[in-house]
Participant: 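This structure is in structure tokens; I'll ask about it shortly.
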Amino acid sequence: MTLSQQVAKGPVVLAFFPAAFSSVCTTELCTFRDGMAAFGRVGATVLGISVDTFFTLKAYADAQKLPFPLLSDFNKEVIALYGVVNPDMIGLKEIAKRSVFVLDRAGVVRHREVLDDGRLE
């Protein structure tokens, strides 16, 4: 299923995160997991996105019991399109900045938060 097909069904929350199995990302994604009832009430779909491999994301989702898909942007195309490339985070090159986008049924970004250098933009 493409993103445009998913958005046509209702709002989509894109949650970009730097790295699976890191403590802050685990806290963040488990917060999404624990709040799924609220997303369901408004018909929103949550999608997690990082540059980790598909296999890493599968193991991570299983370990954290995440009820939403984690998508691999291993080629770093999506983080570039959304402008959330972190050039260097403690030695990790070109990973996702921690960020959240909410898209409406037309695919219009209605909410954007990007953690950049300790500030929320």
Side-chain angles (χ1 to χ4, degrees):
M1 177 174 289
T2 65
L3 180 58
S4 58
Q5 290 169 323
Q6 190 64 56
V7 227
K9 294 179 174 185
V12 172
V13 177
L14 300 177
F16 292 90
F17 61 102
F21 294 104
S22 66
S23 63
V24 176
C25 291
T26 298
T27 299
E28 176 188 22
L29 293 177
C30 288
T31 300
F32 278 103
R33 177 198 65 204
D34 297 344
M36 287 305 293
F39 292 111
R41 282 193 294 276
V42 296
T45 299
V46 174
L47 302 172
I49 304 173
S50 83
V51 299
D52 291 300
T53 67
F54 165 80
F55 301 105
T56 300
L57 292 175
K58 171 77 170 103
Y60 181 60
D62 289 347
Q64 303 307 320
K65 297 179 174 54
L66 300 177
F68 51 88
L70 298 183
L71 308 177
S72 173
D73 184 26
F74 190 73
N75 293 328
K76 304 175 182 181
E77 295 169 1
V78 178
I79 61 172
L81 284 172
Y82 279 83
V84 294
V85 177
N86 190 337
D88 186 352
M89 180 182 194
I90 58 170
L92 298 172
K93 306 293 184 191
E94 295 185 348
I95 60 175
K97 291 179 183 178
R98 189 175 320 284
S99 49
V100 176
F101 292 77
V102 178
L103 286 66
D104 67 13
R105 285 181 185 261
V108 175
V109 175
R110 295 296 176 178
H111 180 78
R112 174 185 180 272
E113 290 184 25
V114 178
L115 188 64
D116 189 20
D117 298 322
R119 298 182 334 262
L120 216 45
E121 293 181 342

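The chain is numbered in sequence order, starting from 1. Worth saying up front: this structure is predicted, and the values here are computed from it rather than measured. Worth knowing before you read on, the calculation uses all heavy atoms, side chains too, and leaves out hydrogens, waters and symmetry mates.
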Participant: Taking a hydrophobic cluster as the set of Ile, Leu, Val, Met, Phe, Trp and Tyr residues connected by side-chain heavy atoms closer than 4.5 Å, whether directly or through intermediates, do Ile95 and Leu47 fall within one such cluster?
Facilitator: yes
Participant: Any side-chain heavy-atom pair from Phe32 and Leu66 closer than 4.5 angstrom?
Facilitator: no
Participant: Checking Arg105 side chain against Ala8 main chain: does a donor-acceptor pair fall under 3.5 Å?
Facilitator: yes
Participant: With sequence neighbours excluded, give me every salt bridge (charged side-chain N to carboxylate O under 4.0 Å, His left out) pair touching residues 16-45.
Facilitator: Glu28-Arg98
Participant: Output every pair passing side-chain hydrogen bond (donor to acceptor under 3.5 Å, both in side chains) with a member in residues 62-78, not counting sequence neighbours, ordered by first then second residue.
Facilitator: Lys58-Asp62
Participant: Which atom pair, heavy atoms only, marks the closest approach of Ala63 to Phe21?
Facilitator: CB-CE2, 4.3 Å
Participant: Taking CZ in Phe74 as the centre, count heavy atoms belonging to other residues, nucleotides or ligands within less than 6.0 Å. Is the count above 12?
Facilitator: no
Participant: List the residues meeting side chain to side chain contact (heavy atoms under 4.5 Å, CB included) with Ser4, not counting sequence neighbours, and say none if there are none.
Facilitator: Thr2
Participant: Quick test of your reading: applying side-chain hydrogen bond (donor to acceptor under 3.5 Å, both in side chains), list the pairs with at least one residue in residues 11-26, sequence neighbours left out, ordered by first then second residue.
Facilitator: Thr26-Tyr60
Participant: Are Val51 and Val114 linked, directly or through intermediate hydrophobic residues, by side-chain heavy-atom contacts shorter than 4.5 Å (ILVMFWY only)?
Facilitator: yes
Participant: According to a hydrophobic-cluster definition based on side-chain heavy atoms being under 4.5 Å apart (Ile, Leu, Val, Met, Phe, Trp, Tyr only), do Val100 and Leu57 belong together?
Facilitator: yes
Participant: When rounded to the nearest 0.5 angstrom, what is the spacing between CG in Leu71 and CZ in Phe16?
Facilitator: 9.0 Å
Participant: Which pair of heavy atoms, one from Phe17 and one from Asp52, lies closest together, and at what distance?
Facilitator: CE1-OD2, 4.3 Å
Participant: Which pair of non-hydrogen atoms, one from Pro11 and one from Gly43, has the smallest distance, and what is that distance?
Facilitator: CD-O, 3.6 Å
Participant: Hey, can you pull the donor-acceptor pairs under 3.5 Å for the side chains in residues 80-94, sequence neighbours left out?
Facilitator:
residue	atom	partner	partner atom	Å
Asn86	OD1	Asp88	N	3.3
Asp88	OD1	Gly91	N	2.9
Asp88	OD2	Lys93	NZ	2.8

Participant: Mind checking side chain to side chain contact (heavy atoms under 4.5 Å, CB included) for Val42 and listing every partner two or more places apart, or none if nothing turns up?
Facilitator: Ala44
Participant: Could you state the interatomic distance from CG (Leu14) to CD1 (Ile49), rounded to the nearest 0.5 Å?
Facilitator: 4.5 Å
Participant: Nearest 0.5 Å, please: how far is CZ in Arg110 from CZ in Phe101?
Facilitator: 14.5 Å
Participant: Decide yes or no for Leu3 and Leu103: does some side-chain heavy atom of the first lie under 4.5 Å from some side-chain heavy atom of the second?
Facilitator: yes
Participant: Looking only at non-hydrogen atoms, find the nearest pair between Asp104 and Val7 and report the distance.
Facilitator: O-CG1, 2.8 Å
Participant: Between Phe68 and Phe39, is there shared hydrophobic-cluster membership here, with clusters defined by ILVMFWY side-chain heavy atoms closer than 4.5 Å?
Facilitator: yes
Participant: What distance separates Leu70 CG from Ser50 OG, expressed to the nearest 0.5 Å?
Facilitator: 7.0 Å
